Amino acid sequence: MPFTVATWNVNSVRKRLDQVARLARDTAIDVLCLQETKVVNELFPVDAITDMGFPHQAIAGMKGYNGVAILSRRPLSDVRIESWLGRDECRHIHAKVETGTGPVEVHSLYVPAGGDDPDPDANPKFAYKLAFLDALAPFLAARAAGSLPVVLTGDFNVAPLESDVWSHQRLKRTITHTPVERDKVQDLLAGDDDGSEGWTDALRRYVPADEKVFTWWSYRAADWRAADKGRRLDHIWVNAALAPALSFAAVHDTARDWPEPSDHAPVRAVFEIP
DNA sequence: ATGGTGGTTAGACCA
């Protein structure tokens, strides 16, 4: 049986309930990781999402901003919420999912956006984003090298490759595509610098590195598809223990055309667990 | 250099 994991920054789960249901109907998804749920746990739409086929839900929400969740058709165990740099901002939750032949650890991560000014000395939000990525590094390096299969998903708010943005030249001084954050994310992807194995960038296994592919298009563009000024901010990374099982990955960009869309499209990865 | 849109929530703040 294939095992399918998707990630989606929904920009308010309550505003996007119909779209989440539509995604669940249109595609086979076992585990759906959400970011920017923007709701406290007490008001999370547990029943509506149960009715969509995801009775198992791990949630970490706060009022107004941020918020992550893992929705699953199968039981979740060992749910943990991670707080980085001492801030309880509901940006990282992970849990184990039983696949039938063993557990897979699934992560839903929401990296700080970083504001507008790409000078970390002048812009504390960007300094925070860079420190957040640094804080993640040892945690992710341990997961990358571990024997437990891990799939790391989320809105990383970084487009690491030149082909991850509509114009590398125009965006290289724009936060999400500055050299310093691209380098940090590519270092995380590569794993520890002791020669151990890193992560597999699932989508880039199926889309060549010189081909543009995006997961986010600003609300501010009148005709998002015609302009196609997008960026690849949402990622699915797979550790070495799980990488052999990866069989497919794609951006579900039709979701960006649905009524009242999120500005992000879902990314989906399929595994053939032996 | 500026402004364009959307969500939360009641004036900004965040993206």
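A quick note: this is a predicted structure, and the numbers were derived from the prediction, not measured. Here is the naming used below: chain letters follow the sequence lines, and residue numbers restart at 1 for every chain.
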(message) Can you list, in residue-number order, the parts of residues 109-122 of chain A that come under 4.0 Å of DNA chain B, counting heavy atoms only?
(response)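 Listed by number, they are A:Y110, A:A113.
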Which nucleotide in [options] has an atom nearest any side-chain atom of [X]:
X      : options               : value
A:N157 : B:dA10, B:dA15, B:dG7 : B:dA15
A:E36  : B:dA15, B:dG7, B:dA10 : B:dA15
A:Y219 : B:dT8, B:dA15, B:dT5  : B:dT5

(message) Test: ring-ring contact (aromatic ring centres under 6.0 Å, His included). Region: residues 35-60 of chain A. Which pairs qualify, not counting sequence neighbours?
(response)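 Residue pairs passing ring-ring contact (aromatic ring centres under 6.0 Å, His included), neighbours aside: none found.
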Got a list of side-chain donor-acceptor pairs under 3.5 Å for residues 63-72 of chain A, not counting sequence neighbours?
| from | atom 1 | to | atom 2 | distance (Å) |
| --- | --- | --- | --- | --- |
| A:N66 | ND2 | A:E89 | O | 3.2 |
| A:S72 | OG | A:R74 | N | 2.9 |
| A:S72 | OG | A:R74 | O | 2.6 |

(request) Please work out if A:K229 contacts a base, only the sugar-phosphate, or nothing of the nucleic acid, heavy-atom cut-off 4.0 Å. (result)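 The residue A:K229 makes no contact with any strand.
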(request) Could I get the full list of side-chain hydrogen bond (donor to acceptor under 3.5 Å, both in side chains) partners for A:Q57, not counting sequence neighbours? (result)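 A:Q57: side-chain hydrogen bond (donor to acceptor under 3.5 Å, both in side chains) contacts with A:T50.
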(request) Please name all residues satisfying side-chain hydrogen bond (donor to acceptor under 3.5 Å, both in side chains) with A:N239, sequence neighbours left out, ordered by chain then number. (result)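 side-chain hydrogen bond (donor to acceptor under 3.5 Å, both in side chains) check on A:N239 returns nothing, list empty.
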Interatomic distance, [X] [atom1] vs [N] [atom2] [rounded to whole Å]:
X      : N      : atom1 : atom2 : answer
A:L233 : B:dC14 : CG    : P     : 19 Å
A:D234 : B:dA15 : CG    : P     : 15 Å
A:Q35  : B:dG7  : CD    : C1'   : 16 Å
A:H264 : B:dT5  : NE2   : C1'   : 13 Å
A:N9   : B:dC14 : CG    : P     : 16 Å
A:D263 : B:dT8  : CG    : C1'   : 14 Å
A:W224 : B:dG6  : CH2   : P     : 15 Å
A:R231 : B:dA15 : CZ    : P     : 13 Å

(request) Can you tell me, in whole Å, how much space there is between the P of B:dA15 and that of B:dA1? (result)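 Those two atoms are separated by 23 Å.
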(message) Using the P atom as the point on both nucleotides, what is the distance between B:dC14 and B:dA10, in whole Å?
(response)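 Per the computed distance, 15 Å lies between those P atoms.
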Is the phosphate of [N] approached by [X] (side-chain N or O, under 4.0 Å from OP1 or OP2)?
X      : N     : answer
A:R16  : B:dG7 : yes
A:K38  : B:dG6 : no
A:S218 : B:dT5 : no

(message) Just so I know, are the side chains of A:R91 and A:D155 near enough to count as touching, which here means a heavy-atom distance under 4.5 Å?
(response)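 Result no, sub-4.5 Å side-chain heavy-atom pair not found.
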(request) Searching all strands shown, indicate the nucleotide that pairs with B:dA15 (Watson-Crick or G-U wobble; both distances under 3.5 Å). (result)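 B:dA15 is paired with B:dT5.
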(message) Other residues, nucleotides and ligands only: do more than 12 of their heavy atoms fall within 6.0 Å of CZ on A:R173?
(response)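 Open.
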(request) Please figure out whether A:R91 or A:A221 has its closest DNA chain B nucleotide nearer the 5' end. (result)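 Of the two residues, A:A221 wins.
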(message) Here's a test of your reading of the structure: between A:N11 and A:D155, which maps to the more 5' nucleotide of DNA chain B?
(response)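 Between the two, 5'-proximity favours A:N11.
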(message) Can you tell whether the side chains of A:E82 and A:R80 come within less than 4.0 Å, N to carboxylate O?
(response)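 Salt bridge: yes.
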(request) Report the residues that fulfil salt bridge (charged side-chain N to carboxylate O under 4.0 Å, His left out) with A:D164, sequence neighbours left out, ordered by chain and then residue number. (result)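 A:R204, A:R232.
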